[in-house]
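Only this structure's heavy atoms are used, side chains among them; waters, hydrogens and symmetry mates stay out.
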Amino acid sequence: MKNKGLGRGLGALLDVNTEIAKNEETKEMPVLEADILDIDVDAAQPRKDFDAEKLDELKRSIEEHGILQPLLVKKVGDRYKLIAGERRYRAARLAGLKKVPITIREADEKTSLALSLIENIQRADLNPVEEAMAIRSLIDEFAYTQEEAAARLAKSRSAIANALRLLILPEELQELVARGSLSAGHARAILMVEDESMRKEAADKIISDGLSVRQAEDLARALNAAPVETKKAERAPRYHAPEFVAAERELSEKLDTKVRITGSPTKGKLSIEYTSAEQLQSLYEFLLFNARD
């Protein structure tokens, strides 16, 4: 049982959805009031970006109705650390509240992380990359399989797998997804592109042309189906001087390996192939010995 040692409360939380957990957990814990300046956010919180417009909407709601759901915190010395409810906490600060309702829960660091991760993963306002990172953290921290994570989060196995696939993207493309320039569907279409070096090109075209997800998938298939001759032509040197042919032949015979010269007479590249560590060492010693100061 993967939950062994994580605490009775966490085990219960993992077996129900977040809203039920909120209601059941807060039944047994009194709602208190705390100075908002005595509450610290948790650096391990999965959500890093907060939509300014949505925060402002929540701030106005809090100004009119107050905080309807208390913040979940734990006691750390004479202060409190936020376990769940950072969005409400931030909006309350924007609204200028001095006091906020809280419920205190006894929780170690691991339990706090699980509570925070699960609460946030099941919210709608995490961006896709934050959600993927939170799911990955949950899986890594508690050694869950994807099936177990899906069951705990009331999501399908394919939804978990699709979310985690976003983390395969390079950081610059993850940032585009996090900012909303690319949707999660666009990102999965980009991952269909087999040549990793062409994924950035695909992302740029999707954004510049405003492609739909279906169109992005068509683009990925088109890139994958590009003729081999076209790809070879792209790699071919733009200029191969006749004298290079003779030089390549002489060097290949002298070094006993294939030598290729590409470029122009004034600028280019000399490539020497090797097929073993011994041959590389031999070439290195030959070049070093014959090099002139």
Nearest-0.5 Å distance, CG of residue D40 to OH of residue Y80 = 11.5 Å
task = Answer yes or no: is there a side-chain heavy-atom contact under 4.5 Å between E131 and I135?
result = yes
message = Are L211 and I190 connected into the same hydrophobic cluster when the rule is that any two of I, L, V, M, F, W, Y join if their side-chain heavy atoms are below 4.5 Å apart?
response = yes
message = Quick check on D256: does its CG atom have over 12 non-hydrogen neighbours (other residues, nucleotides or ligands) under 6.0 Å away?
response = no
T257 side chain to E273 backbone, donor-acceptor under 3.5 Å = yes
task = Please name the pair of heavy atoms, one in I36 and one in R93, separated by the smallest distance, quoted to 0.1 Å.
result = CD1-CG, 3.2 Å
request  = Compare every heavy atom of L68 with every heavy atom of P70, then report the nearest pair and how far apart it is.
outcome  = CD-O, 3.8 Å
ask   = Does the side chain to side chain contact (heavy atoms under 4.5 Å, CB included) test come out yes or no for E63 and K59, once each step is laid out?
value = CA-CA 6 Å; E63 287 172 339; K59 180 201 80 168; 3.6 Å; yes
task = Check whether more than 12 heavy atoms from other residues, nucleotides or ligands sit under 6.0 Å from atom NZ of K99, and answer yes or no.
result = yes
Less than 3.5 Å apart, which donor and acceptor atoms pair up between the side chains of residues 163-170 and the rest of the protein, not counting sequence neighbours?
none

request  = Find out whether V73 and I83 are in side-chain contact, i.e. whether some heavy atom of one side chain is under 4.5 Å from a heavy atom of the other.
outcome  = no
task = Return yes if some donor-acceptor pair links the side-chain N/O of R199 with the main-chain N/O of L191 below 3.5 Å, else return no.
result = yes
key: Chi angles and distances behind the side chain to side chain contact (heavy atoms under 4.5 Å, CB included) call for V41, K81   = CA-CA 6 Å; V41 298; K81 179 175 282 190; over 6 Å; no
